[in-house]
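Just so you know, these numbers use all the heavy atoms, side chains as well, and skip hydrogens, waters and symmetry mates.
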Amino acid sequence: MAAVLPDDVLLQTSLEIDHKPYVVTLTRSQLVLEASESAPVSEGSNYEAFIRVKTDMIDLNEVIGVRVEHPASSKDKTLNKDVNTYTALEMLPLQLNVFTVYYIIKSNKHRWRYKALNITCRDHNTSQLWVESIRKTIHNICPNRPKRLLVFINPIGGKKKGPKIYSEKVGPLFEIAGIYTEVIVTKRQFHARDVLRECDLSKYDGIISVGGDGTFSEILNGLLDRTMRDCGIAQTPHSDPVSPKIPVGIIPAGSTDSIVYTTIGISDPVTSALNIIFGNKLGLDVSAVHQRGEFLKYSVSFLGYGYYGDLVADSERLRWMGPKRYNWSGFKKFLSKNTYEGEVSFISSTDTSHHPRDGNKCLKDCSICKRARENKNQSTGKSISAQISKPTENWQKVRGRFICINAHTMSCRCALSPEGASPSSHIGDGHADLILISNCSRVNYFRHLYRSSDRTSDQFDFNFIQVFRVKEFRFDPLPEHDDDADEQTMTKIKEGRSQLRPATIRNSVWNCDGEILDHPNLHVKVHCQLIQLFAGGIEEIGKEEVFQCPPCCSRKDDR
């Protein structure tokens, strides 16, 4: 343990923890707990001496909050409702001399929990002094923690547990941290988007989505639409969006929660809430989706045409099945193995140092995303995305018959695919991983899908798969020939005249972050780190620091 310098000591008092004496010291960055024992003193001495035998420390940047406890609060509920307030107060202890420090515990599985450390003072004034001093010190060293949040809860998303998850696991944590929340339970589709377009956002430090990826997508689009409108920016393929000043966060309560998995490493409401409380932020790339020059929406994780588009379209008719509908629809579409003719045009990344198959994962403090952020900040008034459509850049084209066309702006991890559908995709490098899967046998396509759930296999190591890291791409469906007749075959119509049989176009739909886009012709442009997300990044397993609770803390308080 490093010695505590006198200049760093803000407050020091002899207190009790678990009925044992401790010397508790508040420094500019830590809470130091020194267990002590009574030392023998000479007869007639007018003071009591202590020997310090053990020391534990809690970093203040890991403290969630601190508050004075009310030991009699549980008794209040048993009081007769007819008893007047004065009589009830007489039954409570006059001295509230216990305060509790709540701090986080990190495991090696990306999961965060918190502990409660109860400290007993001699009197109420001492307890209040400690609480106010700790709060002030935390504010000084962590000024960017949010203080006011706007929370949207989707009551029907996923397994319909959003309200329960918030009230039982998340709301109490925000209360401990002293965060004011305004909670809105959505009543219809686009409710959150409509609220964001009109409300005063200046009074909030963050917007929180309690739901799945679809709920977050709605909030993201509402916030970006509002920002573009306020800045007077038309949402065209050639415009450069402005980043909102307010960050967004997610409390997972959906079916897949891919965004949370990708940015934290686990779908866990408590871990997500703690990241929000501590103000951890990441810059996320956002793709603007257009169709024939008309803006459609923003995408933050995934665009899929063909197999994944057919899957989500089929699952919409099976909502009564809950999350299992995706597995059933995926199985059906795998058996049908539809393919679609089309042409994909794209602008590849000019940075040859990273590629979708380089094995470089996007983890906490990712150097690639950091370099992209620095390049964006150094640009003169324009982000990297403003330079995407320069005439000098070369568009590449790939034509063919595809089972699916996928574009990932993040790896899209989930429980079924721990490393993600594109394991080396980065959340903030200003690019998307474009994956083209040409027509192949069901066996080969199954081998590709199976490898998506394997942490060690390269799921793109097939001759029918092409992968590119792109800044922008377009897709156009192509006419395809009838299997039983050539395009030039003459056919008879009712009037007895002959005419050429026209080529047909058979289209799929696009899966955009779990929502359906019926427009097959898309123009997609990636904008580098357009939004800030409350998340800390995935810590590499085996290398992250594991925080253990001090021995003085009772383990029964584990949440």
Check against side-chain contact (heavy atoms from CB on, under 4.5 Å), L33 and L117: CA-CA 11 Å; L33 314 172; L117 179 65; 3.6 Å; yes
Please table the atom pairs, donor to acceptor, closer than 3.5 Å between any side-chain atom in residues 264-276 and protein atoms at least two apart or in another chain.
| from | atom 1 | to | atom 2 | distance (Å) |
| --- | --- | --- | --- | --- |
| S267 | OG | D257 | OD2 | 3.2 |
| D268 | OD1 | R111 | NH1 | 3.2 |
| D268 | OD1 | R113 | NH2 | 3.2 |
| D268 | OD2 | R113 | NH1 | 2.8 |
| D268 | OD2 | T271 | N | 2.9 |
| D268 | OD2 | T271 | OG1 | 2.6 |
| T271 | OG1 | W112 | N | 3.0 |
| S272 | OG | D268 | O | 3.3 |
| N275 | OD1 | N280 | ND2 | 3.1 |
| N275 | OD1 | G536 | N | 3.1 |
| N275 | ND2 | T271 | O | 2.9 |

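- Looking only at distances, a side-chain donor or acceptor of T186 sits under 3.5 Å from a matching main-chain atom of I153.
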Derivation of the side-chain contact (heavy atoms from CB on, under 4.5 Å) call for N125 and L129: CA-CA 6 Å; N125 291 336; L129 175 62; over 6 Å; no
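- When all heavy atoms of H408 and C412 are compared, the pair lying nearest together is ND1-SG, 3.4 Å.
- Of the inter-residue distances, the one linking D8 atom CG with L26 atom CG reads 10.5 Å to the nearest 0.5 angstrom.
- In this structure, E218 does not pair ionically with R197, as no charged nitrogen and carboxylate oxygen lie closer than 4.0 Å.
- Using bins of under 30°, 30° to 60° and over 60° for the plane-to-plane angle, the ring pair H354/H431 lands in the perpendicular bin.
- Considering every non-hydrogen atom in both P172 and S167, the closest pair reads CD-O, 3.4 Å.
- Between L224 and H527 there is no side-chain heavy-atom pair separated by less than 4.5 Å.
- Rounding to the nearest 0.5 angstrom, the gap separating the CD1 atom in I119 from the CH2 atom in W130 is 7.0 Å.
- Contact between R145 and I64 at its shortest, heavy atoms only, is NH1-O, 3.7 Å.
- Distance alone, capped at 3.5 Å, places no donor-acceptor pair between the E515 side chain and the G214 backbone.
- Here the straight-line distance linking atom OG of S301 with atom CG of L220 works out to 9.5 Å at 0.5 Å rounding.
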Candidate pair V210 and V170, rule side-chain contact (heavy atoms from CB on, under 4.5 Å), full reasoning: CA-CA 10 Å; V210 182; V170 178; 6.0 Å; no
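- For the atom pair SG (C369) and NZ (K376), the distance works out to 12.0 Å, reported to the nearest 0.5 Å.
- In the displayed structure, I184 atom CD1 is contacted under 6.0 Å by more than 12 heavy atoms of other residues, nucleotides or ligands.
- For E419, the side-chain hydrogen bond (donor to acceptor under 3.5 Å, both in side chains) criterion is met by K361, R455, not counting sequence neighbours.
- The pair E539-K106 meets the salt-bridge criterion, since a charged nitrogen lies less than 4.0 angstrom from a carboxylate oxygen.
- A donor-acceptor pair under 3.5 Å is absent between the side-chain atoms of E62 and the main chain of Y103, judged by distance alone.
- Annotation: side chain of R135 is in contact with side chain of R67 (closest heavy-atom distance under 4.5 Å).
- Between I141 and N61, the shortest heavy-atom distance links the atoms CD1-N, 3.9 Å.
- Under the 4.0 Å criterion applied to side-chain N and carboxylate O atoms, D225 and R229 are not assigned as salt-bridge partners.
- In this structure a side-chain-to-backbone donor-acceptor pair under 3.5 Å is present from S243 to L530.
- Between the side chain of R226 and the backbone N or O of L196, at least one donor-acceptor pair lies under 3.5 Å.
- For S457 (side chain) and Q459 (main-chain N/O), no donor-acceptor pair under 3.5 Å exists by modelled atom type.
- Between D123 and N97 the shortest side-chain heavy-atom distance does not fall below 4.5 Å.
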Stepwise side-chain contact (heavy atoms from CB on, under 4.5 Å) check, L533 with T263: CA-CA 9 Å; L533 178 74; T263 55; 3.7 Å; yes
Pair S424-N360, side chain to side chain donor-acceptor pair (under 3.5 Å): steps then yes or no: CA-CA 5 Å; S424 296; N360 190 350; over 6 Å; no
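- Here the closest heavy-atom approach between residue R451 and residue D458 is recorded as NH1-O, 2.9 Å.
- I176 has its side chain out of reach of T100: every pair of non-hydrogen atoms, C-beta onward, lies at least 4.5 Å apart.
- Within 6.0 Å of NZ on K160 lie no more than 12 heavy atoms contributed by other residues, nucleotides or ligands.
- The shortest side-chain heavy-atom distance between Q128 and V68 falls under the 4.5 Å cut-off.
- A donor-acceptor contact shorter than 3.5 Å is absent between the side chain of T25 and the backbone of Q12.
- At distances below 3.5 Å, not a single donor-acceptor pair connects side-chain atoms of D285 with backbone N or O atoms of M410.
- The closest side-chain heavy-atom distance from V24 to T13 is not below 4.5 Å.
- K297 and D513 are not joined by a salt bridge, as no carboxylate oxygen comes within less than 4.0 angstrom of a charged side-chain nitrogen.
- Distance CD/E34 to CE/M57: 10.0 Å, rounded to 0.5 Å.
- The shortest distance between side-chain heavy atoms of V9 and V32 does not fall below 4.5 Å.
- Listed for the H355 side chain is a donor-acceptor partner under 3.5 Å among the backbone atoms of R357.
- Atom CG of D454 and atom OG of S417 lie 10.0 Å apart (nearest 0.5 Å).
- Two residues are said to be in side-chain contact when any heavy atoms from C-beta on lie closer than 4.5 Å; L201 and L223 meet this criterion.
- A pairwise comparison of heavy atoms in P252 and I165 identifies O-CD1, 4.0 Å as the closest pair.
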